[in-house]
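To start, the structure under review is shown below, and the notes come after it.
Only heavy atoms go into these numbers, but all of them, side chains included; no hydrogens, no water, no symmetry mates. First the proteins, then the strands, lettered A, B, ... as listed; each starts at 1.
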Amino acid sequence: VSVLVLQLFVSLALVAFSIALLVISVRQRDHEHADRLALSPLDEDAPTPKDP
Amino acid sequence: MPFAVSPPVVTCPLCVHCSSPIPSGHDSARFCCAGCEAVHGLLVERGLTRYYALAGTQVTPAAVASGRSLVWLEPLVEQVAKYPGALKTLELDVQGIHCAACVWLFNETFRRAKGAAITVNPALGRLRLQWDPQQLELSQWVHEIEAFGYALGPVSRQGPSASTELPLRLGICAAITLNVMLFSVSFYFGLAPGEGELFAIFSRLSMVLSTAVVLIGGWPFFRGALRGLKSGMLHLDLPIALGIVLVWGTCLLHPGADAAYFDTLNVFITLMLLGRWLQQRVLQANRRFLLDDDGAQGLFVRRRRGARVEVVPAPKIRAGDALLIASGDLIPVDARAAGPVLVSTDWITGESSPRELKAGDLVPAGSFNAGHAAFTAIALTDFAQSSLVALLRQPPPAATVPAPHLKFWNRLARRWVAQVLLASGVGFLLWLPAGAARALDVATALLVVTCPCAIGIALPLAYELTQARLRRRGFFVRSTDLLDRLTEVRTVVFDKTGTLTLGHLALAAPAVLEQLGPRARNALWNLVCRSSHPVSGCLQRALERYAPSFDPDAQIVEVPGAGMMWSTDDCVWRLGRAGWAIDGASEIPHAVLTRDREVIAQFELREALRPDAMTELQALRSDGFDVRLLSGDTAQRVAALADRLGLEPRHAQGTLSPQAKADQVRGLGGGVLYLGDGVNDAPAFAQALCAGTPAIERPVMPARSDFFLVGAGLGPLRDALSSAVRLRRVVRRVLALSLGYNTVAVAICLAGWMSPVKAAIFMPVSSLSLLLITIVSLDERARSRPAPLPLREVPA
């Protein structure tokens, strides 16, 4: 039971942490494109023209 | 029934830019439209072809570069320039961003333009720019990025501030719900009270977390219900709030009886929040399509500078400017009348009779010159302080009558809650003999399972989606019930000049102005400066280089449908239709300038048809509409145009006075849609079932305008007609499904076969299903439309 209690504590701590991150993201108004921000900046690759 | 004929399915090569099918017969074998060709050329020229690799198949057809005015940008840049520091920061709204490739394009072009930093928020459609004015001229970059088909504008005044509450609540509830569901798994797999401490921990945790979800996620529903009760109304959230409280109470009272209740309570609340958030997101996204100008950028005003008159965009007006307001012109800012004037504010106040104002009286922004003569007014404020943009956003006074679907919804909403509470009470009483707990279950299930959200959310969403799509295509709805009225349209009547044609006229023989004497030129200048008719606008532009003198005291009268008249001490000048300006009938097909009825000059004018006028009129006829052309222009020119457009001669009439046009529209019976652009069309507007104008820059009759068209094409009109029919079909489907669901669900509950747990699942599922059905029904067909045709002007 003690191991389960520890696991519960860790999982709830993670939930609290994720909620805190969400609150920060929502306040900064970037919650809807946070994934893109995480990937930026994009590297400049060689151009790949679509024009045949 | 219109729309019996489906648009032909196009099987042809794909556009290099957007991969849409290229219409057969199109000039280009590689591009579907001029916009795509232009944008592809820009991407290749500037080495930005990585855009295609990032976009994949998500490229949409590009809009033709609009050359929008950037006068809105100047004051914003001036304002941020006052702040200290080398780097300036500005937020702008943008429309047209649809994928990561667009974001990359913004980043890349801004980086190349030596901008310091850019943050693109595609969900909000917002840019945050940082730049050094020494390194980057911001307007140049905005011009450059708009050439790719995007539209930038000032940050929406409404702001997204209300949008953060629901996503935050939803995020918290979703996180907690997932954990409660994990705990519930242990109950499903046999964790029982006999397990002792573990069961107690899991039960208490479930209860605490569920209570948090009830408080955080249930609050929007509790708040709605409480506000309704405080104001003496039964809010639609009341049954949902009661249902949440009842299920929660059951869980608290019997924590060990059925722990799965916690699970479903959490899922129920989270799904309800998700539905709300989806709706809010769609509505907010729709609001952003319009950006912030509402046509004010296209509004031009005559400004007097000494003896000269210049035409300037309305946002350039400053306090103290002397404005020359022609008959039918809109007053863009609060102004002081320089003499007696007659103005109307009917599109703002609904007051139909014009008001006479004395010299020195305040002429409010948004009123228009209802007299037949131009007048001068002194601007009291800059355009930035004008309330005109806010006024243009308002629906016309006639639109305050609720649309039929709104009336239906209001009636239903008033009775819904009471009936649900009644049904719940009946269910409780019916099942009371079987025990209080069983009766409570039935009552709770009845409260939760009935789903007004389907109608309350799905129907408004369907209207919003349709209006948003039409806005994107250049059709701006002003009357709330227009989409309902459009389904009754059987006849489409067009005015000619400025409606079927672009209204940008050109003199066929400019030398005619060289041959005029200085006095005649001055007279002509004074006449055209006081009229907003396209012919006057064309002559005014052509005369500017002669620097003719302006007489501010000239008493000039505009005769609607005929022309302008100036009685001087020794003669009378007239500019207009030959039949009016010359004594007696005349065969001259052009506008003429006469002095005491003697022809001084004839002005042969060339006009450009709207790019898609021919194809759109043909398409309207093949869709089953009766298409007519009514014009005040000469019968000869109208007949020639009708012949080009393939209209039957009896369906095209010229030399019509404004009243004659109105009589013709009335004679066509109900179901007439009228598209016109000038003050001459006002009586016809009043007679039509619905009316609109493609001349957003000349909103002389917004009181009667149910819609505006922006852009060069007429295509959005047909889109609107077909969208209205499609919308009606979707609305009927949604109503039928909702009615069926609620009837069956209530019957099952009363029969005792529905537990609150099942009800809590069925209700949000039905709500979201109807929402999805609505979105998919409207979206599916929009995607199947053929690619937009190229837009090019063709000579009339």
What part of B:Leu205 is in contact with chain A, defined as an atom under 4.5 angstrom from a non-hydrogen atom: side chain, backbone, both or neither? side chain

Non-hydrogen atoms of chain A under 4.5 Å away: do they reach the side chain of B:Leu209, the backbone, both or neither? side chain

Testing the basics here: between B:Ile269 and B:Gly218, what is the closest heavy-atom pair and its distance to 0.1 Å? CG2-N, 4.0 Å

For A:Val15, is it the side chain, the backbone, both or neither that has a heavy atom under 4.5 Å from a heavy atom of chain B?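 Looking at A:Val15, just its side chain touches chain B.
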
Between B:Phe187 and B:Phe202, what is the ring plane arrangement, given parallel below 30°, perpendicular above 60°, and tilted in between?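 Perpendicular, since the angle between the ring planes exceeds 60°.
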
Would you say the side-chain atoms of B:Arg128 pair up with the backbone N or O of B:Glu91, donor to acceptor, closer than 3.5 Å? no

Just by distance, do the side chain of B:Thr177 and the backbone of B:Cys173 share a donor-acceptor pair under 3.5 Å? yes

